[in-house]
Amino acid sequence: MNVPIQYYIYLGFIVFSVGIVGVLTRRNVIGILMSIELMLNGSNLVLVSFSRIHGDTLGIIFVIFTITITVAEVAIGLALVIQAFRLKMTVNADEVNLLKG
Amino acid sequence: MLEGILFWVFSMGLMLSSLGVIISKNLFRSAVYLVFSLTFTSLLFLLLKVEFLAFLQILLYAGGVAVLLVFAIMVTRVIVGKDIWQQSRGLGWGILFGLIFVGIGFGFFKASSHLNFSYPKNPHGVKEIGEVLFTRFFLPFEILSLLIVAGIIGALLISRKD
């Protein structure tokens, strides 16, 4: 018999929580962006396994849209990072504090 | 039986790669670990018999997003002129929070462990995805293309030198 589908949901949740720890812990802005990618990856896994449980194509369409929006978001996020880097010459998240009052 | 072995191999690879993303001190190694974890997720999608998503993940994520990240790492590395090594302060507190989070989540899972899910018959071929995408979700599809164009224009405008 094949693998119980709950294991895929557990795995997606573990990857998501590893991404959360990465977002909270990293000091480099590009490292934070990579951890956000990991969170989205985990949630995609959970969505696909739920789509397999219910036999509905809706979850897969959702994942297609999420992947495409993530690509656009990463492109704009990296453009922002490079622009902030030109301004401040650092990619440390602690030192980008130009709005600090 | 083969599916069981493959599932454990891919899931171990995915967990180790994702831990490598957040723990590694070198930024390039984090990017390579991210490519590995995206590829292992794509292989898990193949095990779940959604082949379209597996190929889409390799094409867009591992071949697009990861390459963009490596470009950004190289751009912010060359200008400064020395290697930017990553420091993770507070890693102990982060790992403690992560363990508590996973514990709470698994408590939720244990409460619903009496449910017995079985795999249904598989309607997830490309034909069914295309039918649903172009009839029921046609409007979000077109709005998505508008969003991609807006993203392109926005990224160009943000990174102009003036």
Side-chain angles (χ1 to χ4, degrees), chain A residues 2-11 13-15 17-22 24-28 30-31 33-35 37-38 41-42 44-45 48-49 51-58 60-61 63-65 67-76 78-83 85-86 89 91, chain B residues 3-4 7 11 14-15 18-19 21-22 27 30-31 34 37-38 41 44-45 48 50 53 56-57 60-61 64-65 68-69 72-73 75-76 80 84 86-91 94-95 97-98 101-102 105 109 117 119-121 123-124 128-129 132-133 137 140 144 147-148 151 154-155 158-159:
Chain A
N2 44 15
V3 176
I5 194 79
Q6 287 100 327
Y7 290 174
Y8 285 98
I9 302 178
Y10 298 160
L11 182 65
F13 177 68
I14 288 176
V15 170
S17 59
V18 166
I20 283 188
V21 170
L24 293 175
T25 316
R26 295 297 242 182
R27 287 299 169 253
N28 196 324
I30 302 182
L33 278 174
M34 284 196 272
S35 304
E37 286 304 303
L38 215 51
N41 200 18
N44 283 351
L45 201 53
V48 165
S49 52
S51 166
R52 273 288 270 156
I53 287 174
H54 296 291
D56 203 355
T57 325
L58 183 62
I60 302 199
I61 304 289
V63 171
I64 290 175
F65 286 153
I67 289 178
T68 315
I69 293 176
T70 306
V71 172
E73 163 239 331
V74 164
I76 296 184
L78 287 173
L80 280 171
V81 162
I82 292 178
Q83 195 68 5
F85 180 75
R86 277 191 202 145
M89 283 302 156
V91 278
Chain B
E3 182 179 345
F7 172 73
S11 65
L14 178 59
M15 279 195 273
S18 52
L19 281 173
V21 170
I22 71 166
L27 198 51
S30 286
L34 184 68
S37 57
L38 294 172
T41 312
L44 280 169
F45 283 165
L48 275 172
V50 280
L53 265 184
L56 204 68
Q57 172 110 358
L60 287 181
Y61 259 142
V65 164
L68 271 181
L69 280 167
I73 293 170
V75 164
T76 57
V80 172
I84 300 179
Q86 295 202 288
Q87 307 101 14
S88 306
R89 264 185 5 219
L91 191 62
I95 290 179
F97 167 75
F101 188 71
V102 169
F109 289 145
F117 296 119
Y119 288 61
K121 58 190 184 320
H124 295 317
E128 288 86 8
I129 295 176
V132 176
L133 188 62
F137 293 103
L144 197 64
L147 186 134
I148 292 175
I158 286 174
S159 56

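Note that the structure is a prediction, hence the values are computed from the model and not measured. Reminder, nothing fancy here: chain letters follow the sequence lines and each chain counts from 1.
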> When only pairs under 4.5 Å are counted, which of B:Gly154, B:Ser11, B:Gly64 shares the most heavy-atom pairs with chain A?
Replying inline: B:Ser11
>> Under the rule for side chain to side chain contact (heavy atoms under 4.5 Å, CB included), what residues qualify as partners of A:Thr70, not counting sequence neighbours?
In response: A:Glu37, A:Leu40, A:Thr66, A:Glu73, A:Val74, B:Tyr61
>> Less than 4.5 Å to any heavy atom of chain A: does that hold for the side chain of B:Leu60, its backbone, both, or neither?
In response: both
>> Is A:Leu11 close to chain B through its backbone or its side chain, or both, or neither, when contacts mean heavy atoms under 4.5 Å?
In response: side chain
> For the atom pair CZ (B:Phe109) and OH (A:Tyr10), what is the distance rounded to the nearest 0.5 Å?
Replying inline: 6.5 Å
> What class does the angle between the rings of A:Phe65 and B:Phe137 fall in, given that below 30° is parallel, 30 to 60° is tilted and above 60° is perpendicular?
Replying inline: perpendicular
> Considering only heavy atoms, which portion of B:Phe101 lies under 4.5 Å from any heavy atom of chain A: side chain, backbone, both, or neither?
Replying inline: both
> Picking from A:Ser49, A:Ala72, A:Ser17, which has the most non-hydrogen pairs under 4.5 angstrom with chain B?
Replying inline: A:Ser17
> Side chain, backbone, both or neither: which part of B:Leu144 has a non-hydrogen atom closer than 4.5 Å to chain A?
Replying inline: side chain
> Between A:Val48, A:Val15, A:Leu33, A:Val71, which residue shows the highest count of heavy-atom pairs closer than 4.5 Å to chain B?
Replying inline: A:Val48
> Taking all atoms of both residues into account, what is the closest heavy-atom pair of B:Ile73 and B:Ala31, and its distance?
Replying inline: CD1-CB, 4.1 Å
> Is B:Ser37 reaching over with its side chain to a backbone N or O of B:Leu14, donor-acceptor style, under 3.5 angstrom?
Replying inline: no
>> Just verifying a value: how many Å separate B:Ile158 CD1 and A:Ile82 CD1, rounded to the nearest 0.5 Å?
In response: 11.0 Å
>> Taking every non-hydrogen pair under 4.5 Å, which of B:Leu44, B:Ile148, B:Leu147 racks up the most with chain A?
In response: B:Leu44
>> Which one wins on heavy-atom pair count under 4.5 Å against chain B: A:Gly19, A:Ala79, A:Gly42?
In response: A:Ala79
> B:Val21 and B:Ser30: which non-hydrogen atoms are nearest, and at how many Å?
Replying inline: O-OG, 3.1 Å
>> So for B:Leu19, is it side chain, backbone, both, or neither that comes closer than 4.5 Å to the heavy atoms of chain A?
In response: both
> Taking every heavy-atom pair that is under 4.5 Å apart, which of A:Ile14, A:Ile69, A:Ile20, A:Val18 has the most such pairs with chain B?
Replying inline: A:Val18
> Looking only at heavy atoms, which two atoms of B:Ile22 and A:Ser35 are closest? And how far apart?
Replying inline: CG2-OG, 4.2 Å
> Is it the side chain or the backbone of A:Leu80 that comes within 4.5 Å of chain B heavy atoms, both, or neither?
Replying inline: both
